[in-house]
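Numbers here simply count residues along the sequence, with the first being 1. As the structure lists them, so they are numbered: ligands from 1, and atoms in each ligand from 1. Only this structure's heavy atoms are used, side chains among them; waters, hydrogens and symmetry mates stay out.
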Amino acid sequence: MTLTSEQIDRAAGVLLGAATGDALGAGYEFTHPAAGTVVDMIGGGPFKWAPGEWTDDTSMAAAIALVARGGVDIGTEEGLDAIASNFVAWYDTKPADIGHQTGSVLGHRSSTAADMTRRAASLTGRTGGNGSLMRTAPVALAYLDDAEACTRAAEAISALTHSDPRAGEACRMWSFAIRHAVLEGSFDGVRLWLDVDGDAARYWRPLLDEAESGEPKDFSNNGWVVHALQTAWWAIVRADQDGPDHLARTLELCVLAGGDTDTTAAIAGGLLGARWGASAVPVRWRSALHGYPALTGDDLVAVAVDIADNTGR
Ligand SMILES: [Mg+2]
């Protein structure tokens, strides 16, 4: 498929938007900033980030994106194996901020995606963390030409570390919506997904309704994938700016909502970047961005555009 210049800008914004939210929220993780706090890319936080440095959310998204950029279909066994291998390579750097559930799975250092998925499925207790939703943005870029393959791959990549059905559904919804936003320039994909995924819709429709009418305290357990998605959607719907400024305002609202701020802002940021494009990310934020694996904000833009170009071939 041939993309217009607007669609290319929106594709370019997917990883950049997610990383911007991630690095913005990193300095406020596990806090509840007071009303009126001026949110900026301050770094710090519990893991002492440098200003502009992104966290595990973007590092894991990059692990997926780099496989897609290599031209491998990320939904195939070959693609999933390569993603699993990148996850283990990242784990081996001993990242400070790895999520509990992801750490439990990657600690086995599986050499195949099938083994990693089995390890994830064998976990007991609370397995619905937000750690697969936070990294799902690049999946949409690899399947701009195929919505069904997009959601199938999103679920398989989620299952590498997160077996909870809600985590898989959230990744399907959000990847579907990001793809739709790149192509159409709207947020309508979130609700459109309910029409194509009927069984899951019965669970998610009232939760989207609640996000639109509620407040962050109604979904404050945002380390859980459901409340994380609701927080991101609440911020997108509630941000009072129209046009590209909506991106920055929404990310600020995610941070002000408190809790797992880097992740709720990264989740929102992937969809915001897809809707408003790389051009909507303030330059001072874009130029500060950096993180594992030794990439910058400009690199994320280049990777995203390459993946979208691959889709077109
Ligand atoms: Mg993080």
Side-chain angles (χ1 to χ4, degrees), residues 14-33 39-65 83 86-87 89-107 126 128-138 157-158 160-162 167 170-171 174 220-232 235 250-273 285 288-297 300:
V14 170
L15 296 175
L16 184 68
T20 299
D22 183 2
L24 201 61
Y28 307 88
E29 192 175 1
F30 308 133
T31 71
H32 288 80
V39 174
D40 211 340
M41 229 174 242
I42 56 173
F47 302 108
K48 300 185 170 49
W49 304 103
E53 187 176 12
W54 61 66
T55 80
D56 53 340
D57 310 54
T58 306
S59 298
M60 296 193 81
I64 299 165
I83 292 167
N86 281 354
F87 283 175
W90 168 73
Y91 175 84
D92 284 345
T93 67
K94 300 188 168 44
D97 61 329
I98 189 165
H100 176 72
Q101 191 177 340
T102 298
S104 297
V105 175
L106 298 188
R126 298 202 299 184
N130 60 23
S132 63
L133 179 60
M134 74 182 190
R135 65 179 193 235
T136 202
I157 294 168
S158 173
L160 289 170
T161 52
H162 288 65
C171 289
W174 216 245
S220 61
N221 180 24
N222 58 30
W224 181 35
V225 63
V226 172
H227 281 189
L229 189 147
Q230 286 185 291
T231 301
T250 300
L251 295 179
E252 288 167 3
L253 287 180
C254 284
V255 173
L256 292 172
D260 202 353
T261 50
D262 58 315
T263 294
T264 56
I267 293 165
L271 184 53
L272 288 162
W285 286 351
L289 282 173
H290 65 283
Y292 180 91
L295 298 176
T296 65
L300 295 181

Looking only at the side chains, is there a donor atom on one of [X] and [Y] sitting less than 3.5 Å from an acceptor on the other?
| X | Y | value |
| --- | --- | --- |
| D56 | W90 | no |
| D260 | N130 | yes |
| T231 | T264 | no |

Ignoring water, what protein N, O or S atoms are under 2.8 Å from the Mg ion (ligand 1)?
-> T55 OG1, D56 OD1, D57 OD1, D262 OD2
With a 4.5 Å heavy-atom cut-off, do I98 and L106 have their side chains touching?
-> yes
Heavy-atom distance under 4.5 Å between the side chains of P33 and V255, does that happen here?
->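 The answer is yes; the side chains approach within 4.5 Å.
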State which residue, out of D57, T102, T58, T161, fulfils the side chain to side chain donor-acceptor pair (under 3.5 Å) condition with R135.
->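 When D57, T102, T58, T161 are each tested with R135, the side chain to side chain donor-acceptor pair (under 3.5 Å) holds only for T161.
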